[in-house]
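A short write-up of the structure that comes next.
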Amino acid sequence: MSDMPARAAITGAAPLPLREPMIEIEGLHKHFGALHVLRGIDLSVAVGEVVCIIGPSGSGKSTLLRCINHLEIAEQGRIRIDGQLAYRDEIGGAFRAHSNRAISAVRAQVGMVFQHFNLFPHLTVMGNLIEAPVHVLRKPKALARQRALELLAQVGLADKADAYPEELSGGQQQRVAIARALAMDPKAMLFDEVTSALDPELVAEVLTVMRDLAGQGMTMMVVTHEMNFARQVGSRVIFMDHGLIVEEDTPARIFGAPREQRTRDFLRTVLDR
Amino acid sequence: MEIFNLDIAVANFGPLLAGLLMTVELTLVVIVLSLVFALFVALGGMSQFAPLRWLVKVYVEAIRGTPLLLQLIYVYYVLPEIGIRLDSFTAGVIALTLNYSAYLSEVYRAGIQAIARGQHDAAAALGMTGPLAMRRIILPQAIRIVIPTLGNYFIGLFKDTALCSVVSIQEVVFTAQILAARNFQYFTLYTVVGVMYFSVSFPAARFVAYLERITSRGYRRKPIAVKQP
């Protein structure tokens with residue numbers, strides 16, 4: 001885990017999770033009422049891997065991400081994060097839910113960035129970044145502020161620490177949201193269509209931040225409609241449809257020569273825009 | 001027909017002003033108590049513990065379904081029969097607080113429910129527990145939303161304290177009743193009382209309107225405009 005290869009070496013390599021898995025998902029099922037949203041998902045994401053999830057809307061991509069940090073509760077299956085069983089303990093073959101506190105502890109290890117940013121509007125940018133480190137991780141305020149300034153510099157917003165979210169553009173808000181998630185020093189990051197609500201000219205600045213993050217070896221799961229991002233940054237691309245993983249492969253093969261007809265159909269509709 | 005008697009007004013101004021101060025004091029005490037109590041009622045009403053939710057529901061509906069006047073009389077005159085004897089001020093404070101908290105808890109609830117789900121998601125995704133997220137993320141935003149509504153309720157409260165005259169709190173209406181029983185100068189005395197109420201509640205209403213403007217303005221701290229020389 002310590003001798004992590006550089007990102008460049010990984011990109012384009014065979015999707016064999018030879019390294020230690022960071023996120024392991026087995027047989028995940030989720031219903032919304034009568035709708036069977038996830039119909040048995042098995043997926044393993046290795047340390048430092050960038051897994052991009054593509055697929056039509058309603059295919060369960062976002063729900064999958066939300067299940068990983070328990071914003072949605074899957075009925076069946078299990079999720080391990082860094083080897084630890086998340087959300088449920090297996091005791092004598094039966095599952096028992098973690099306490100709320102334990103669930104919060106797991107969530108604190110996995111950063112999440114949302115489509116609509118969800119910054120806290122009553123706090124400044126700095127307030128947004130230090131809120132959870134101070135009140136969840138019990139980090140001293142001075143230390144949290146110092147780390148926050150580093151992260152703001154990393155996302156190119158060093159001068160915005162005292163601004164309120166609504167004073168920022170959408171792209172800036174989303175970069176703050178990424179910095180806010182990073183402030184928890186997460187083991188992995190989940191990105192849920194983070195550029196979908198942005199004006200086209202603001203998409204690039206957010207993708208650049210994500211690309212840098214991938215370059216630093218962050219484990220990432222990225223639900224996205226940005227096919228170029230998936231192609232260039234993804235170490236693996238997953239195509240989901242109707243609650244199932246239809247196909248997973250390297251970006252080169254998914255975009256170059258998809259095996260499944262459904263993948264081909266989907267890619268034709270999104271790439272011919 | 002009586003005419004406004006300035007001498008009577010001046011002569012009774014002192015006692016009436018003392019009554020007004022009692023009215024204001026009563027209002028302020030009930031504001032503070034009900035602001036806090038109503039918040040707990042609102043949170044109790046949203047608890048995952050069902051019996052607590054039911055209890056809150058029964059309380060809120062019982063209060064909203066009966067007149068405040070009856071509630072005041074009940075606390076002051078009926079409770080002594082089961083051994084709870086309260087002085088008039090305490091009885092007034094308790095009845096008003098119970099009454100206003102029922103309404104204000106609904107205001108808080110509406111404010112809390114107005115906060116977008118994304119805020120809960122974001123707080124949860126950062127590892128915040130429910131109570132922490134409520135205290136640090138949801139409530140500060142919800143309270144800001146409901147400040148003008150709370151303000152309007154408190155202006156109503158200021159005037160509703162007049163009902164406390166029935167439990168013989170020496171507030172301004174009760175004071176006027178006593179004075180009028182002696183000199184029969186109803187027109188003068190009650191006009192002065194009316195002017196006194198108005199001279200407090202009108203500025204208060206303007207202040208609430210001002211709060212309404214600044215709370216709807218968003219979280220931007222407007223830079224102070226500097227005049228160019």
Side-chain angles (χ1 to χ4, degrees), chain A residues 62 65-66 68-73 99-125 127-138 162-168 173 176-177 180-186 189-192 197, chain B residues 39 42-44 46-50 52-53 107-108 110-150 211-226:
Chain A
S62 291
L65 282 200
R66 292 173 64 85
I68 292 171
N69 69 354
H70 216 249
L71 291 179
E72 304 291 350
I73 299 162
S99 66
N100 288 338
R101 191 160 288 278
I103 287 172
S104 294
V106 177
R107 281 173 175 157
Q109 301 177 10
V110 183
M112 183 152 188
V113 186
F114 301 87
Q115 183 177 357
H116 295 288
F117 332 137
N118 299 348
L119 293 178
F120 305 132
H122 61 302
L123 301 176
T124 61
V125 166
N128 269 274
L129 262 67
I130 66 171
E131 179 65 29
V134 169
H135 290 99
V136 176
L137 303 180
R138 308 246 163 235
D162 295 324
Y164 279 84
E166 67 175 19
E167 296 172 283
L168 305 177
Q173 288 192 45
V176 171
R180 177 176 70 176
L182 291 173
M184 296 295 282
D185 293 318
M189 288 279 283
L190 310 174
F191 293 86
D192 188 5
Chain B
L39 184 56
L43 293 174
M46 291 184 287
S47 164
Q48 294 185 4
F49 184 59
L52 186 57
R53 282 204 308 276
V107 174
Y108 277 127
I112 290 167
Q113 287 174 348
I115 303 303
R117 183 184 170 194
Q119 294 289 305
H120 293 268
D121 282 354
L126 287 166
M128 301 177 84
T129 56
L132 181 64
M134 182 57 79
R135 186 165 61 82
R136 298 282 315 173
I137 305 301
I138 307 303
L139 276 182
Q141 296 182 58
I143 286 172
R144 183 189 166 94
I145 295 174
V146 301
I147 282 173
T149 313
L150 294 177
L211 287 179
E212 205 153 9
R213 270 203 311 284
I214 60 170
T215 53
S216 67
R217 204 192 273 158
Y219 293 92
R220 189 189 312 269
R221 277 183 293 193
K222 285 261 162 68
I224 297 156
V226 180

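In this structure, the portions of Ile137(B) lying under 4.5 Å from any heavy atom of chain A include both its backbone and its side chain. Contacts between Leu190(A) and chain B at a heavy-atom distance below 4.5 Å are absent for every atom of the residue. For Val106(A), no part lies under 4.5 angstrom from a heavy atom of chain B. In this structure, chain B has heavy atoms under 4.5 Å from both the backbone and the side chain of His135(A). In this structure, the portion of Phe114(A) lying under 4.5 Å from any heavy atom of chain B is its side chain and not its backbone. Looking at Glu131(A), the atoms closer than 4.5 Å to chain B (heavy atoms on both sides) all sit in the side chain, from C-beta outward.
With hydrogens and angles disregarded, a donor-acceptor distance shorter than 3.5 Å links the side chain of Asn118(A) to the backbone of Gly118(B).
Of all the heavy atoms in Ala125(B) and Leu71(A), the pair that sits closest is N-CD2, 4.5 Å. Smallest separation of non-hydrogen atoms from Arg66(A) and Arg117(B): NH2-NH2, 2.8 Å. Here the closest heavy-atom approach between residue Ser104(A) and residue Thr129(B) is recorded as OG-CG2, 3.4 Å. Among all heavy-atom pairs drawn from Met128(B) and Val136(A), the shortest one is CG-CG2, 3.6 Å. Residues Pro140(B) and His122(A) come closest through the heavy atom pair CB-CD2, 3.5 Å.
Heavy-atom contacts from other residues, nucleotides or ligands closer than 6.0 Å to CG of Asp185(A) number more than 12.
Of the inter-residue distances, the one linking Gln119(B) atom CD with His116(A) atom NE2 reads 12.5 Å to the nearest 0.5 angstrom.
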Arg180(A)/Leu126(B) under side-chain contact (heavy atoms from CB on, under 4.5 Å): CA gap, chis, key distance, verdict: CA-CA 9 Å; Arg180(A) 177 176 70 176; Leu126(B) 287 166; 3.8 Å; yes
